[in-house]
Amino acid sequence: MNELLKNEKSGWEEVSQEEKDKIYAFSNEYMNFLNNAKTEREIIKETEKIARENGFKSLDEYAELYPGDKVYYINRAKNIYLAVIGEDSLESGINIVGAHADSPRLDLKPNPLYQEGNLAYLKTHYYGGIKKYQWTAIPLAIHGIIIKENGEKIEVKIGEDENDPIFTVTDLLPHLAKEQMQKKISEAINAENLSILVGSIPDKDEKASVKNNILNLLNKKYGIKEEDFVSSELEIVPAFKCRTLGLDESLVAGYGQDDKVCVYTALRAILNIQKPKRTAVCLFSDKEEIGSMGNTGMESHVFDTFIAELLNKTRINRPNLLDKVFCNSKMLSADVDAGVDPLYISVSDTNNAGFLGKGVSINKYTGSGGKYNSSDANAEYVAEIRKLFNENKIRFQVAELGKTDIGGGGTIAYILANKGVDVIDCGVPVLSMHAPYEVTCKYDIYSAYRAYEAFFKN
Ligand code: MN
Ligand code: MN
């Protein structure tokens, strides 16, 4: 091989049988994690459990923090920030890996239950960028919470257990879809038709209402009435299990891998950190798929408050120190990348694209239409990250999201960059991103895990 050319080989060509076994074992653990947690609330809960098993304690359990202490903070059950306090003062900066725990889905509308004809439905409002047609005629599950007026929280999860019923959004039969089939894909399914079918048995009273019968069932099971839906967060997600894909078993198919694949790999990486030089921080944000707004999105100041609390509890805080900490900090924005799909090769500039099986994918910038809205990582920082990965023999590729004029996207990178942090996007290439069933490659999953670990240890 010409030494001057960059490595274009598949990562699989370079792994020994022993490494391959490690990669497959790690992927099994990842798939198991995804099968236990499909929504941001479930991810945070599962993360807290795993973190506690590995020596992390919540912020309020510590009066003071010392190097090696492992601490976490949960914001409104939808974000978690984990930190391992370093030997160096936080003043010299921290190393952050940040991913997002939310994924595209169908949310129930505030008044979701209705009857049309002789069937009962729950109406949805989709969350994030979906191709609506992909969400019809597949098995769906309901996950979430209902908060009653008295504050009582009811947890709902229907459709995951083999004995549970599932739900679906029906679609028109091809025989009668002549008109629908002529429409543009974006218009073929009306958002108001993304209603999940929930029942067909009428109530026994004279109105014979299917809706009433469903309300009775819900009341019996959860003690709720119709108005309780307004203070609920019920998310409709695919009822598929995350599974190994392919005859060579090299790939993973699963819902919500954007961005739970980076959540899991970042979590596993920070669990390996004992007493780092620089404080290691791992954060999982919410609302990334709808613009990172709100008090659980990355745009909120709750993360700043967490870091300020670390400054308080390491006894170094003083006015404006938080700003200085951010200016001295580094981050890998751990979000998935659009993997090159050979079936749709025309959207990718293949010299600047992430391929499945070639390792963790770095995006110097994201954005669209001329880097618009992107935080473009500084060349000096890219050099630092490249050196780190090369020294640790971690396969990486440097990519853009697609051809310049075709489209684009964003991550949480710019939000931290705006605070003064050096940030670069670094994650796993995905096929069928935002579809109910997304595909990743086990080699890349493992290389992301190794990349985040090396970054924390640096
Ligand atoms: Mn993402
Ligand atoms: Mn996304």
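As the structure lists them, so they are numbered: ligands from 1, and atoms in each ligand from 1. Since we're looking at a predicted model, the values are computed, not measured.
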Problem - pair Glu29-Arg268: side-chain heavy atoms closer than 4.5 Å - result: yes
Practice task
May I ask you to check whether Tyr437 and Tyr255 place their ring centers less than 6.0 Å from one another?
Solution key: no
Practice task
Check whether any N, O or S atom of Asp258, backbone or side chain, sits closer than 2.8 Å to the Mn ion (ligand 2).
Solution key: yes
Completion exercise
Which atom of Asp335 is nearest the Mn ion (ligand 1), counting N, O or S only? It is OD1
Handout entry: Metal site the Mn ion (ligand 2): N/O/S of His100 inside 2.8 Å
Key = no
Practice task
Could you tell me which N, O or S atom of Glu289 is nearest to the Mn ion (ligand 2)?
Solution key: OE2
Problem - Any donor-acceptor N/O pair, Asn54 side chain to Ile50 backbone, under 3.5 Å - result: yes
Handout entry: Side-chain donor/acceptor of Lys38 to backbone N/O of Pro238, under 3.5 Å
Key = yes
